[in-house]
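As structure tokens, the structure follows; a few thoughts come after it.
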Number of protein chains: 2
Amino acid sequence: MEELKRRILSQAVVGEGDIIHVDMFLNHCIDVALMERMGEVLAKRFRGEKITKVLTVESSGIALACFTARALGVPAVYAKRFRTGYIDPDVYSAEAHSFTMDKTYTMRVSKKYLDQDDVVLVVDDILSNGQSALGMLELVSKAGGEVAGVAVAIEKSMREGGRVLRRMGVRVEALATVERVEDGRIILQ
Amino acid sequence: MEELKRRILSQAVVGEGDIIHVDMFLNHCIDVALMERMGEVLAKRFRGEKITKVLTVESSGIALACFTARALGVPAVYAKRFRTGYIDPDVYSAEAHSFTMDKTYTMRVSKKYLDQDDVVLVVDDILSNGQSALGMLELVSKAGGEVAGVAVAIEKSMREGGRVLRRMGVRVEALATVERVEDGRIILQ
């Protein structure tokens, strides 16, 4: 998606290692008009897949999941990873490791909101090592549902997430792919 | 908003004490079409206020904040309360106490995304004791910005949040107001 690529090249900031900060439009301050267009493009790519639900995980995937779900005309479910309030005790759960935080966390989704009739589109803001996407696939699998694919705003192809998922036969769609970071510059595919 | 009131009366589940579970359409499984209409109604109520940003806090306010911001044509910013990844070290921060969890937490927002020129609409899913709303007012105040008001899907008027805010002169708009819970039944205003 050209608009997103332009935004990455003009605004994203390279941090330590190959970390890319896109908090100025994607995951702290949200350009909701861009987010809506991204949701529409992702929905279009999966149109015809009979998707019944969009699944994401707290917190940075929620905005894109909502706009994608809106464009598909289905509900958005977010797996909880923080204990902030009530959650149904009857949940599907999966573990994921955050490389950024060097911490393993548990994601939980109430059994009420995922079942065997669901065809699920997994949505997240960034696909890097694929840990949260793999955790969400596990949640869908535990519910007996089907995964239509994984849809993200940005894939970092220098990390293994996208390759692992595609090797498993999962359809992965990214609106922009970062190939590498070179001398502090972002190289898109 | 009649549609939301009907949904609360037909679907919400009363938990312990006066806790009301609305996770089936508001904050775990999200009815994004309803969420979009709620955002439009809230935006309409604040039209003419020259709002420049919508502010919410992780995680349950993000969906409504995004759709309200979309309808207003401004960015949505969410204050971080979890340490899950990068955040600019230069932040405004405020403490809030969660009565549900009996825990105090810190919300942080990068100084880049709130400033003295901002007119901010604070958005959240539920207004109960008002702790997170008060924390967000503090963030805006530290940035030198102006608060246009607090907009929520559901206000629980048996808790003190709404009263405290209105007594401070803050405009509070709720799409549905729960007056009390009586014998396991929800009584709306």
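Order of the sequence lines sets the chain letters (A, B, ...), proteins ahead of strands, with each chain counted from 1.
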Check your understanding: Where does B:Arg81 contact chain A at under 4.5 Å (heavy atoms): side chain, backbone, both or neither?
Key -> side chain

Study note, to complete from the structure: Looking only at A:Ala65, A:Ser110, A:Gly73, A:Ala79, the option with the highest number of non-hydrogen pairs under 4.5 Å against chain B is A:Ser110

Point to revise | Under 4.5 Å from a heavy atom of chain A, the part of B:Tyr78 involved | key: both

**Study point:** Closest-packed option against chain A by number of heavy-atom pairs under 4.5 Å, given B:Tyr105, B:Phe67, B:Phe82
**Key:** B:Phe82

Review point. Considering heavy atoms only, which positions within residues 114-121 of chain A lie below 4.5 Å of chain B?
Key: none

**Study point:** Close contacts, residues 150-182 of chain A versus chain B, judged by heavy atoms under 4.5 Å
**Key:** none

**Study point:** Toward chain B: residues of residues 3-37 of chain A with heavy atoms under 4.5 Å
**Key:** A:His21, A:Asp23, A:Met24, A:Asn27, A:His28, A:Cys29, A:Ile30, A:Val32, A:Ala33, A:Glu36

Check your understanding: B:Val91, B:Leu134: one ILVMFWY side-chain cluster at the under-4.5 Å cut-off?
Key -> no

Check: residues 140-147 of chain B side-chain donor-acceptor pairs under 3.5 Å, at least two apart:
from, atom 1, to, atom 2, distance (Å)
B:Lys142, NZ, B:Ser93, O, 2.7
B:Lys142, NZ, B:Glu138, OE2, 3.1

Check your understanding: Just wondering, are more than 12 heavy atoms of other shown residues or ligands nearer than 6.0 Å to NZ in B:Lys111?
Key -> yes

Point to revise | Value rounded to 0.5 Å, distance of OG in A:Ser60 from CD in B:Glu58 | key: 8.5 Å

Practice item. Under 4.5 Å, counting heavy-atom pairs only, tell me which of A:Lys53, A:Arg83, A:Lys112 racks up the most with chain B. Key: A:Arg83

Revision key, fill the gap. Bottom line for B:Val109: the part with an atom under 4.5 Å from chain A's heavy atoms is both

